[in-house]
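Keep in mind the model is a prediction, meaning the values are calculated, not measured. Quick note on labels: first sequence line is chain A, next is B, and so on, each numbered from 1.
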Amino acid sequence: MSDPGFIRKYIFSTDHKVIGIQFLFSSLIFMFFGGLLAMLMRWQLGWPGSPLPFMEKIAPAGMPGGIMVPEYYNMLFTMHGSIMIFFGVIPLLVGAFGNYLIPLKIGAPDMAFPRLNMLSYWLFPIAAATVLAGFFVEGGAAASGWTAYPPLSGLKETMGPGQTLWAAGVVILGFSSIFGAVNYVATIINHRAPGMSFHRLPISIWAMFTTAVLTLLATPVLAAAMILLLLDRCLGTSFFLPAGMIVDGTPLAHAGGQALLWQHLFWFYSHPAVYIMILPAMGFVSDILPNFSRKPIFGYKAISYSAVTIGAVGFLVWAHHMFQTGMNPTLGTTFMVSTMAVAVPTGVKVFSWLGTLWRGSIRLTTPMLHALGFISMFIIGGLTGVFLASTPVDMYMHDTYFVVGHLHYVLFGGSLFGAFAGITYWFPKMFGRKMNDRWGKTHFWLTFLFFNGVMFPMFILGLGGMPRRIYDYTQYAGLVHFAPLNRMMSVSAFCLMATQLLFAFNFFRSLFKGEKAGPNPWEATTLEWETPSPPPHGNFAKTPVVHCGPYEYSVPGMKRDWQMQTEKHA
Amino acid sequence: MNTSRKIMLGFLFIILGMGIANPAFAAGATVSGKVSFEGAAPSREKIKMAADPVCLGAHKDPVLSEDLVVNNGALQNVVVYMKDGLSGKTFPAPTTPVVIDQAGCQYHPHVFGIQVGQPLEIRNSDATLHNINAQPKLNKRFNIAQPTKGMKTTKTFDKVEIPVPFKCNVHPWMAAHAVVLDHPFFGVTGENGSFTLNGLPAGTYTVEAWHEKLGTQTAQVTVADGETKTVNFSFKAK
Amino acid sequence: MSHFHQTAEMLLPEAASTYAPQVDRLFWAILWITGFFFFLVQGALLLFVLVYRAKPGRPAAYLHGNTLVEIIWTIVPAVILLFLTLASQKVWAEIRFPKQMPTPAVQVEILAEQFAWNIRYPGPDNQFNTADDITTINQLHLPVGEPVLIKVLSKDVIHSFFVPEFRVKQDAVPGLPTQVWVQATRAGQFEIRCAELCGLGHYRMRGFVTTEPAVNFQEWLAETKANE
């Protein structure tokens, strides 16, 4: 094959591995930025109204004299949520790992539609640039929360042009996701190597497959909702805007819309999106645990089918975000039942992971620590979900910090520890060098400590009745006593952010100076470890033929304690 | 010509120049008068200051609404200004700001005139959140929050507009009105309903009186340099 | 049980409505159950990691699962969740189902706007929007021991009426008039906290609830009307 040149090879590449790594770098940069926005929020919550003089230069309108104003705070949490979800966690877990791993793990030379794949990546920075352009327009970026509930988000009177850019950017990102998902589904169905039956797929591929199906079914609904919102904002339609609204004393001409319609459409996407953000991480953990326990996964079918069940039931739970909206209470009952039901397959997964550890031969490497951290933190995220599923308890907890804690245990404690596990596990494959284990472990323990330091108190704040999305909780006499706790959380948050510099340092240093990794540094079984590290264009010198399942560790009678998927064993 | 003469001459030109450009410097004409209210004065509503303990604590006595204030027949809070008669003349915007203060959950002043380009300094003297939601139709809208006591924000208007309403969404009774003009000839009636417009260039003018609830009235007046004329207005309940 | 309540007070604001203790009981039931599973799973995780650390000469077990165990850990949580669902449903129906709402002794309308709660009592004629209505901003008074029907409306964007001590939360959605009831159980002063992002003043869209004996409540109504 002739050398395609630098630009075609590394920038406008159609190679799934390059695209995966592009997604990896871009999403990590966005997450770092999203994290910085959270630091500003924690500054305000820790020390309400205290000046941060250097910020006056960066945001003269948002922080005059270095003192944050409430509209700026609203913008911060809106952009923090939007960036972390749309430009951080989803592209990292799905875009980076999906692209990188799917062909390698199923024994394919590339994705089914490489050019579509490239388009999927390049729409992503365009979408991000559109959303972030909001920072530079009159009135700043969107500030109606990442959920953008109309009428607040749907009226020019209440939200400036930043909101329009936000919605337009999310539509563009929707196309990126859909293109990616089409590719994943087509690739997994059609491009599996000979012998790679569905029941021999690594769990991570089951997870990616379910994720892609969810994306395909849910994202068009989100895109449609965003387009309707844009029409309401720009062309004066009233999809989400009811009659009789009076804003700032002025009656509006809108009539005929339904504010709750948006919530239905939004959560029809965004609840499955939670599973889009957690299922891949569950997949990584399901690959990593057997490896470092040197033991087959416990209940392969239960775990892989539970992923599919979570995906399916995950489509029927969306209105649990709307119990207290005035929606028919009988509908609330229905969604409580489905929400409680989704806990069952989730429980099955957790128990199966424990079963995998049981009687294993556990190697506590950095990826294993992150995988264990994932389980430990995800349990908290999952169990706190039960409180919110119970409609009467949710009546108290809804829109308090309890929800903020819950979602961060799922999306940071879950997805991000999963992502760290994935990055540290596949780094040698991606770049041909190992990450430093000592730095990696230090990063894990500090992250684990400070993560809990900032997120666990959120449950206490929520139980104390502290609403989320408030700029200055001290305005409520009943919340003033939370000042020391909030300060402790802020200090933890700053330390958590600083700890990520350690990760960045280890990542970049290891890229150039890490110990060289062979094709299979973790003594793993799946197909990607058959290729050189990093794998060449086209992945496999000859098409692999699969003879066994993905987690054949410690097979009795074998000399070594792992059996490659391409190996035959009597 | 020696240097000191040059400087002297320069000063002379500057002084002359100022005299032409700034009518306030010249003797000019004066229009003054009184705005009255015909009929029984409507009773003023009590403001529900209990909505915010900070507001309540700032007042000993009940506070009455300011949207229609009549004292013995004199109408307060009317902006009187030259509407016509100044075309072709330009007046530089003063650099001294107009100050609007939020104190005791009321705007001080309640109505005011301001020149295009003149800075408007918005102050919060209350230990509570105020948001200043300006809703002009021609100028740029803005809606900013001042969460802490002592905060100041400066804004300007770039077009003539009558009126620009201000509102605080946290305290629904709080309202103020600005009249934005491209000249300095305006005044606001006080408790006795009187106003004075000084330093007018000689000429024929349309004088307008604007009240937030009662609308506008106009009158014609011609003044010569150094002359003082009286123009009175009378509003009726709508 | 008393120890229980002390802990409860540390976590949850002291209850002040008839259904608040029911909500709290559900909360504690879920906390006990999830707490049990939390310690079970975290304990097992820690134990397995310690006990099954790799040691030379001790290979891992080669096993792919156990159908019986898998059935048990599917069924047991399912049964517990079913129980929680039924228990929740009972309380939910009591609070929310229109048929089960008590006949209100007092009605009040709360019209939310950016950023204030407009409160309106119907007055002696029991009809809203008539001359004898009594109105306040941000000041909600309720009689103790009488069921009150609260009509929740919004003028502009979505707000949410939240009084932690009552354990009540009801979104105020424009174009969707809705209602919720509450019966206060003790006299006191509480805060209304807006629980749905509504713009720059959301963080302090704060109201005040005063619960008082019915006599005082009626006096307050008369006094407020007289002061208007």
I need the minimum non-hydrogen distance between [X] and [Y], along with the two atoms involved.
{"X": "A:Y476", "Y": "C:C194", "answer": "OH-N, 3.4 Å"}
{"X": "C:A60", "Y": "A:K295", "answer": "CB-CB, 4.1 Å"}
{"X": "C:I158", "Y": "A:P150", "answer": "CD1-O, 3.5 Å"}
{"X": "A:P70", "Y": "C:L200", "answer": "CB-O, 3.3 Å"}

### Message
Please report the interatomic distance CZ(C:F97) to CG(A:N328), rounded to the nearest 0.5 Å.
### Response
7.5 Å
### Query
Can any side-chain N or O of C:D156 pair as donor or acceptor with the backbone N or O of A:D248 at less than 3.5 Å?
no
### Query
If only atom types and distance count, is the side chain of C:R206 paired as donor or acceptor with the main-chain N or O of A:Q475 below 3.5 Å?
yes
Under 4.5 Å, counting heavy-atom pairs only, tell me which of [options] racks up the most with chain A.
{"options": "C:A87, C:P174, C:G35", "answer": "C:P174"}
{"options": "C:V168, C:I95, C:T178", "answer": "C:V168"}
{"options": "C:S160, C:A78, C:A54, C:P77", "answer": "C:A54"}
{"options": "C:L176, C:L81, C:V163", "answer": "C:L81"}
{"options": "C:T67, C:L84, C:L31", "answer": "C:L31"}
{"options": "C:E165, C:Q170, C:M205, C:Q22", "answer": "C:Q170"}

Sort [X] into side chain, backbone, both or neither according to what part of it lies under 4.5 angstrom from a heavy atom of chain A.
{"X": "C:I192", "value": "backbone"}
{"X": "C:N66", "value": "both"}
{"X": "C:Y19", "value": "side chain"}

### Query
Passes side chain to side chain contact (heavy atoms under 4.5 Å, CB included), C:F162 versus A:T400? Steps please.
CA-CA 10 Å; C:F162 174 36; A:T400 66; 4.1 Å; yes
Region of [X] in contact with chain C, defined by heavy-atom distances below 4.5 Å:
{"X": "A:T339", "value": "neither"}
{"X": "A:A255", "value": "neither"}
{"X": "A:Y553", "value": "backbone"}
{"X": "A:D561", "value": "neither"}
{"X": "A:P290", "value": "neither"}
{"X": "A:P242", "value": "side chain"}
{"X": "A:V350", "value": "side chain"}

### Query
Does any non-hydrogen side-chain atom of A:P296 lie less than 4.5 Å from one of C:L63?
no
### Task
Determine, stepwise, if the pair C:R96 / A:Q324 fulfils side-chain hydrogen bond (donor to acceptor under 3.5 Å, both in side chains).
CA-CA 10 Å; C:R96 290 285 192 187; A:Q324 321 307 339; 2.6 Å; yes
### Candidate pair C:H64 and A:E552, rule side-chain hydrogen bond (donor to acceptor under 3.5 Å, both in side chains), full reasoning
CA-CA 9 Å; C:H64 288 86; A:E552 292 300 293; 2.8 Å; yes
### Query
Parallel, tilted or perpendicular: which describes the rings of C:W73 and A:F298, with under 30° parallel and over 60° perpendicular?
tilted
### Task
Could you walk me through whether A:S352 and C:E70 pass side-chain hydrogen bond (donor to acceptor under 3.5 Å, both in side chains), step by step?
CA-CA 8 Å; A:S352 303; C:E70 287 173 45; 5.6 Å; no
### Task
Determine, step by step, whether A:M336 and C:Q89 satisfy the side chain to side chain contact (heavy atoms under 4.5 Å, CB included) criterion, reporting the C-alpha distance in whole Å, the side-chain angles of both residues, the deciding distance to 0.1 Å, and the verdict.
CA-CA 9 Å; A:M336 167 167 62; C:Q89 178 55 24; 3.6 Å; yes
### Message
Using ring centroids (six-membered ring only for Trp), state whether C:F27 and A:Y396 fall under 6.0 Å.
### Response
no
